[in-house]
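Working notes for the structure below.
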2 protein chains.
Amino acid sequence: MLPMKSRYALKALVFLARHQADGPVPVAGIAAAEAIPVKFLEAILLELRNSGILTSRRGPTGGYQLRVEPETVHLGDVIRNLSGPMAPLPCLSKTAYHRCTECVDEATCAVRLLMADVHAATLRIVDGTTLAQLVARVDASAVGEAEGQSERCRPEQGPVSAKLDFID
Amino acid sequence: MLPMKSRYALKALVFLARHQADGPVPVAGIAAAEAIPVKFLEAILLELRNSGILTSRRGPTGGYQLRVEPETVHLGDVIRNLSGPMAPLPCLSKTAYHRCTECVDEATCAVRLLMADVHAATLRIVDGTTLAQLVARVDASAVGEAEGQSERCRPEQGPVSAKLDFID
DNA sequence: CCCAATTCCTATCATCGCGATAGGTTTACT
DNA sequence: AGTAAACCTATCGCGATGATAGGAATTGGG
Ligand code: FES
Ligand code: FES
């Protein structure tokens, strides 16, 4: 499960990307628009600021603002900064690596072999998607919805096994 | 993080696939070989038996055994049976779906849009891999290791971005 | 210059899932 | 009978998570 911290952060960033022109946006505004607990969001945005993605200004007319262009914000970095590495196994994390005590040989570990692929696939998506791309996809899906077309229903590039597409 | 329950289960299944010819294998044997807490593994194998992929026999010369062929065991089902759905969001699970209270519109939710891809990629791997394939890969990687060759280092099918391959 | 709005900081809390253990009951082979 | 194993139920410690409380520091508007 993706932690709430990361979920809220992504929502807030999408919101801020949309309101880039409006100058600084106060936390309360974002929290109200996205139904996020104010004090919780406060802490999240603070972390995002300390990690360099956001700028803040205090006092009246203050608030948060994107520091960099949405095209340069990789969503994987957002999740990592807030919720730590997303490796499904300790032995698969670069920054927080530590040996799996239960495994005799890391090189021939079946679990590791399987999850390495999962992890790589996940990273290819979250690190390969920028905030700008995400905003664009939301817009596209909103349009597609109005036209009765989902952007995920592409007949080409079929699933590995027909019955395995989107099980759970 | 993949729960211990699932990690142990996968290890035990690989072990059982390897010892298919030996007849029933007692829990203590598997636990010793794979360094798994005996009582914990006991509960795990019991669940796997109740889900239909293992057979058990009691008394002396008893133990656990694969009920079906390793080619028909989809690893995703193993993980699901033991640790529940692996959807990264409540709204992405088929069997345990429930609406995200924090999200106004599911169709235009950025978080959902992003994680849907992650989830699909994960499912394509774990449900597209069978126990037999996993055992084969372990063997292949063991050979590759002896030859100084890792099976994951394929120059073709390059990563989306060069610096994004295997970050964390 | 004072007030209010806002970020910023620290501490604390309740809950829950997870990994694991304990202690037994039942089955079945020799 | 005796023993080895599966089977069952209950419980426990622990840490992470999501959230709240209460205030301190900063800054613009009147
Ligand atoms: S799971 Fe990390 S080495 Fe086996
Ligand atoms: S995260 Fe599920 S609808 Fe937004």
Side-chain angles (χ1 to χ4, degrees), chain A residues 1-12 16 22-32 34-51 53-65 67 79 82-90 96 100-102 111, chain B residues 1-12 16 22-32 34-51 54-65 67 79 82-86 88-90 96 100-102 111:
Chain A
M1 280 283 214
L2 187 72
M4 284 297 173
K5 225 177 180 181
S6 294
R7 294 188 216 179
Y8 291 153
L10 291 175
K11 280 171 169 284
L16 284 174
D22 303 6
V25 182
V27 173
I30 308 174
E34 300 289 344
I36 303 172
V38 184
K39 290 299 262 182
F40 198 14
L41 182 59
E42 209 174 75
I44 293 167
L45 294 183
L46 200 50
E47 283 190 65
L48 288 176
R49 189 211 83 149
N50 290 334
S51 75
I53 300 177
L54 294 183
T55 294
S56 63
R57 210 170 65 200
R58 302 220 260 197
T61 77
Y64 286 95
Q65 201 172 357
R67 187 193 194 89
I79 299 175
L82 289 170
S83 311
M86 42 200 141
L89 297 172
C100 300
T101 55
E102 74 267 16
V111 183
Chain B
M1 279 284 216
L2 188 71
M4 285 296 172
K5 226 175 180 183
S6 294
R7 294 188 216 179
Y8 291 153
L10 291 175
K11 280 171 169 284
L16 285 173
D22 303 6
V25 183
V27 173
I30 308 174
E34 300 289 344
I36 303 172
V38 184
K39 291 299 260 181
F40 198 15
L41 182 58
E42 208 175 75
I44 292 168
L45 294 183
L46 200 51
E47 282 191 67
L48 287 177
R49 186 208 125 217
N50 290 335
S51 76
L54 291 184
T55 294
S56 62
R57 209 169 67 199
R58 302 221 259 197
T61 78
Y64 285 94
Q65 201 172 355
R67 187 195 194 90
I79 299 176
L82 289 170
S83 311
M86 43 199 140
L89 297 172
C100 299
T101 56
E102 74 266 17
V111 182

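Naming: A, B, ... by sequence-line order, numbering from 1 per chain. The basis for the numbers below is simple: all heavy atoms, side chains too, and nothing from hydrogens, waters or symmetry mates.
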Audit row: L41(B), E34(B), side-chain contact (heavy atoms from CB on, under 4.5 Å) steps and yes/no
CA-CA 10 Å; L41(B) 182 58; E34(B) 300 289 344; over 6 Å; no
Among [options], the one nearest [X] by side-chain distance:
| X | options | result |
| --- | --- | --- |
| L46(B) | dT7(C), dG19(C), dC7(D) | dC7(D) |
| R49(A) | dA4(D), dG18(D), dC8(C) | dC8(C) |
| S56(B) | dT3(D), dC9(C), dC7(D) | dC7(D) |
| V27(B) | dA6(D), dT7(C), dA4(C) | dA6(D) |
| F40(A) | dC7(D), dA19(D), dC29(C) | dA19(D) |

[atom1] of [X] versus [atom2] of [N]: gap in Å, rounded?
| X | N | atom1 | atom2 | answer |
| --- | --- | --- | --- | --- |
| L45(A) | dT6(C) | CG | P | 14 Å |
| I44(B) | dG19(C) | CD1 | P | 9 Å |
| M4(A) | dT15(C) | CE | C1' | 14 Å |
| L16(A) | dT7(C) | CG | P | 11 Å |
| L82(B) | dG19(C) | CG | P | 11 Å |
| E42(B) | dC8(D) | CD | P | 11 Å |
| K39(A) | dA11(C) | NZ | P | 15 Å |
| E47(B) | dG19(C) | CD | P | 12 Å |

Under a 3.5 Å distance rule, please check whether R57(A) uses its side chain to pair with a backbone N or O of T61(A) as donor and acceptor.
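Present.
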(message) Between K11(B) and E102(A), does any NZ, NE, NH1 or NH2 come within less than 4.0 Å of an OD or OE carboxylate oxygen?
(response)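 No salt bridge links E102(A) with K11(B).
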Tell me whether the OP1 or OP2 atom of [N] has a side-chain N or O from [X] closer than 4.0 Å.
| X | N | answer |
| --- | --- | --- |
| T61(B) | dT30(C) | no |
| Y8(B) | dG19(C) | no |
| R58(A) | dA5(C) | no |
| Y64(B) | dC7(D) | yes |

Specify the residue among N50(B) and R7(A) whose closest nucleotide of DNA chain D lies further upstream toward the 5′ end.
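Of the two residues, N50(B) wins.
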* Looking at side-chain heavy atoms only, is the closest gap between V111(B) and Y8(A) below 4.5 Å? ->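 No, every pair of side-chain atoms sits at 4.5 Å or beyond.
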How close do Y64(B) and E42(B) get, counting heavy atoms only, and between which atoms?
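Between these two residues, the closest heavy atoms are OH-O, 4.3 Å.
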